[in-house]
Each structure stands twice: as C-alpha cells, then as structure tokens.
Amino acid sequence: MKSAPILEVSQISYQKHGHDILRDISFSLLPGEFAGIIGPNGAGKSTLLRIIVGEIKQYTGTVRCSCKIGYVPQRKEFQRDFPIKAREVVAMGMYQRRGLSRVFSQNDWEACKRLLDRVGIGELSEEPIGFFSGGEYQRLMLARAIAYEPDLLVLDEPEAGVDEMGKVSFYELLTHWRKEQQRSILLVSHDIGLVLSACDTIMCLNKSLHCHKDAATVSTEDLQSVYTEDFDILIKGNRHFEKEHQR
C-alpha cells in the first residue's frame with residue numbers, strides 16, 4: 001500500500017508588488033523522500049520554502065503538512081559577536097520541541113554534544129559561534145534543526161559558503177541522517193550536480209513548476225526549461241552535472 005504524502009502543496013500562487021513570484025505550484029512529498037528544488041536566481045525557490053514553513057501567509061492555494069518541520073533558512077546568521085556557544089545553539093532546537101520552561105539537565109547537554117559530534121563539529125561544542133567558518137556554521141544550523149527531531153527537514157541552500165569538499169561531506173551527512181531516521185528532506189540548492197546525485201526526486205522551478213520527477217530521469221531539456229539564460233555556461237561550469245550525465 002502506497003504511503004500517504006506528508007506534505008501536499010496545491011495551486012500555490014504568490015505576488016509581491018504586483019509581480020508574480022510563484023504561479024500555480026502543486027506537488028506532494030512522501031515519507032522518506034529526499035527532494036531537491038533547482039532553478040535560477042529569482043525563480044521563487046526560497047519563497048516557496050518560506051510559504052511551506054509558514055513564514056509567508058499572503059498566498060493563494062493550500063499547504064497541508066502532517067508532520068513536524070525542521071527549517072534551516074538561507075544564510076541566516078546570529079550576530080557574530082553574540083556571546084553564545086555552539087551547544088547552546090543546538091539547545092534552541094530542543095527548546096522548540098520541549099518548551100522554554102524545561103530546565104536542561106546534564107543528559108540534555110550531553111545530547112547536544114552528541115548532535116554536534118554527529119555533524120562533525122563536536123570539538124567546537126564550547127566555542128563561541130563567532131569563530132566558526134562557513135562550513136562549520138552550516139553544520140551547526142543542521143544540528144539545531146535535527147535537535148527538533150523533525151519528520152521533514154527543509155533546507156535553503158545549506159551548502160552556501162562551503163568549499164567543494166565540504167559540500168560533498170555535507171550531502172553525505174544529510175543522506176546518512178535521512179536513511180538512518182527514515183525522515184524526509186526538501187532542499188533548495190544551486191549545485192545541480194550534487195542535487196542530482198544526492199536526491200531521489202528533482203523539482204525544476206522558475207516561478208512555475210516545470211517538472212517533479214525521479215532524479216535519474218532529469219534531462220537536459222528539463223533543465224533548459226528553467227535555466228533559459230546562459231544554460232551552456234551553467235552546465236560547463238558544473239563538473240558534478242557533467243559527471244552525472246556521462247554515465
């Protein structure tokens with residue numbers, strides 16, 4: 001028997017200052033699915049995620065979600081001079097789940113440390129976040145989101161500011177967490193090749209949804225339908241995409 005979707009987006013449209021940002025977007029996400037959303041700058045990708053997580057309310061259409069959502073927004077950083085340690089950032093995710101009234105025990109702090117170990121920055125548990133590199137910071141945000149124990153993890157360009165080797169490692173971490181926990185991931189990224197290699201399904205978005213299909217079946221024509229300008233330059237500059245399509 002086929003599982004029921006955990007997320008259903010139906011006929012979502014959104015305008016800002018009289019301009020279409022999204023037009024008639026419909027798709028569903030199944031339990032355990034790792035879906036990637038790709039498209040050019042200004043395509044409405046981040047806006048769609050913000051609608052799904054409830055940050056934007058003034059849209060038409062419906063979003064039905066039967067699960068807890070963990071959200072890592074696009075490059076949303078704390079003030080770098082804010083005196084907060086890595087473990088305290090992770091604890092924020094637990095507060096979301098348990099409430100602010102609960103006093104943290106030693107076991108809770110040990111759980112925060114284990115989450116930081118899991119994302120590869122356990123040695124930075126007591127460090128203030130102002131010392132973190134871009135890649136370390138993104139891993140910290142992931143640990144905070146996982147601490148919420150979400151059924152669906154929504155990520156907006158989580159690899160931004162991370163070097164090439166760091167990107168591969170970050171995607172491996174996501175894949176491992178998703179398979180281990182049997183959870184779902186919805187990801188926006190500009191790295192076409194890594195998304196194609198890591199995700200189960202791909203959505204090609206440029207204001208409207210051009211396709212939502214298995215990653216293995218995404219064609220050059222699918223990508224050209226959304227990357228209408230400088231397509232050849234985009235593909236030639238993306239070694240991961242070229243590698244995938246030489247198989």
Salt bridge flag under 4.0 Å for residues Arg50 and Glu55: yes
Joint cluster assignment, Val119 & Leu124, ILVMFWY side-chain distance < 4.5 Å: yes
Is the side chain of Ser184 donor-acceptor paired with the backbone N or O of Gly32 at a distance under 3.5 Å, no angle test? yes
Looking only at atom types and distance, does a side-chain atom of Asp151 sit under 3.5 Å from a main-chain N or O of Lys68, one as donor and one as acceptor? yes
Compare every heavy atom of Ile185 with every heavy atom of Trp177, then report the nearest pair and how far apart it is. CZ3-CG1, 3.9 Å
Taking the six-membered ring for Trp, are Tyr171 and Phe34 parallel (under 30°), tilted (30 to 60°) or perpendicular (over 60°)? parallel
For Pro40 and Tyr227, work out which heavy atoms get closest and say how close. N-CE2, 3.5 Å
Going by distance alone, is a donor N or O of one side chain under 3.5 Å from an acceptor N or O of the other, for Ser225 and Asp222? no
With rounding to the nearest 0.5 angstrom, report the CD1 to OG distance, Ile6 to Ser66. 6.5 Å
Given side chains that start at C-beta, do those of Leu152 and Leu7 come closer than 4.5 Å, heavy atoms only? yes
Criterion side chain to side chain contact (heavy atoms under 4.5 Å, CB included) on Val218 and Lys213, from CA distance to verdict: CA-CA 7 Å; Val218 174; Lys213 61 200 303 187; 3.9 Å; yes
Check Ile25 against Lys207 and note the closest heavy-atom contact, atom names and distance. CD1-O, 3.4 Å
Student check: side-chain heavy atoms of Val195 and Leu187 closer than 4.5 Å: yes
Drop me the distance from Gln15's CD to Asp20's CG, to the nearest 0.5 angstrom. 4.5 Å
Cys112: which of Met94, Met92, Arg144 passes side-chain contact (heavy atoms from CB on, under 4.5 Å): Met94
Sort and list the pairs that fulfil side chain to side chain donor-acceptor pair (under 3.5 Å) and have at least one residue in residues 111-128, not counting sequence neighbours. Lys85-Glu126, Arg87-Glu126, Lys113-Asp117, Arg118-Glu180
State, yes or no, whether a side-chain contact exists between Tyr14 and Thr60 at a heavy-atom distance under 4.5 Å. no
Show the nearest heavy-atom pair for residues Ala35 and Leu29, with the distance to one decimal. CB-CD1, 3.5 Å
Just wondering, do Leu173 and Arg139 contact through their side chains at under 4.5 Å, heavy atoms? yes
same_hphob_cluster(Ile37, Leu223) at 4.5 Å side-chain heavy-atom cutoff: no
Quick one: CD on Glu172 to CG on Leu194, what's the gap to the nearest 0.5 Å? 9.5 Å
Can you measure from SG (Cys199) to CG (Leu186) and round to the nearest 0.5 angstrom? 9.0 Å
Evaluate whether atom NZ of Lys16 has more than 12 neighbouring non-hydrogen atoms of other residues, nucleotides or ligands under 6.0 angstrom away. no
For Pro73, does its backbone N or O pair with a side-chain atom of Asp156 as donor and acceptor, under 3.5 Å? no
Closest heavy-atom contact between Phe132 and Ala86? CZ-CB, 3.6 Å
Polar side-chain atom of Arg183 near backbone of Pro150 as donor-acceptor pair, under 3.5 Å: yes
With a 4.5 Å limit on heavy-atom distance, are the side chains of Val63 and Ile51 in contact? yes
With clusters defined by side-chain heavy atoms of hydrophobic residues (ILVMFWY) lying less than 4.5 Å apart, directly or transitively, does Leu115 cluster with Leu142? yes
Quick check on the hydrophobic clustering: are Tyr71 and Val188 connected, directly or via other members, by side-chain heavy-atom contacts under 4.5 Å? yes
Met203 side chain near Leu209 side chain, heavy-atom distance below 4.5 Å: yes
Is there a side chain to side chain contact (heavy atoms under 4.5 Å, CB included) between Lys45 and His190 once you walk through the steps? CA-CA 10 Å; Lys45 304 183 298 298; His190 282 291; 3.7 Å; yes
Using only heavy-atom distances, determine whether the side chains of Asp214 and Thr201 contain a donor-acceptor pair under 3.5 Å. no
Any side-chain to backbone donor/acceptor pair from Gln182 onto Lys179? Under 3.5 Å, distance only. yes
Looking only at heavy atoms, what is the nearest atom pair of Glu136 and Ser133, with distance? OE1-N, 2.9 Å
Return the CD1 to CD1 distance between Ile52 and Ile69, rounded to the nearest 0.5 Å. 7.0 Å
Donor-acceptor under 3.5 Å (Gln138 side chain, Pro158 main chain): yes
Give a yes or no answer on whether the side chain of Glu110 reaches the backbone of Asn107 with a donor-acceptor pair at less than 3.5 Å. no
Evaluation steps, side chain to side chain contact (heavy atoms under 4.5 Å, CB included), between Ile38 and Cys204: CA-CA 5 Å; Ile38 58 175; Cys204 293; 4.1 Å; yes
Answer whether the closest heavy-atom distance between the side chains of Leu22 and Leu205 falls below 4.5 Å. yes
Should Leu48 and Phe27 count as side-chain neighbours, where that means a heavy-atom distance under 4.5 Å? yes
Is Leu49 reachable from Leu174 through a run of hydrophobic residues whose side-chain heavy atoms are each under 4.5 Å from the next? no
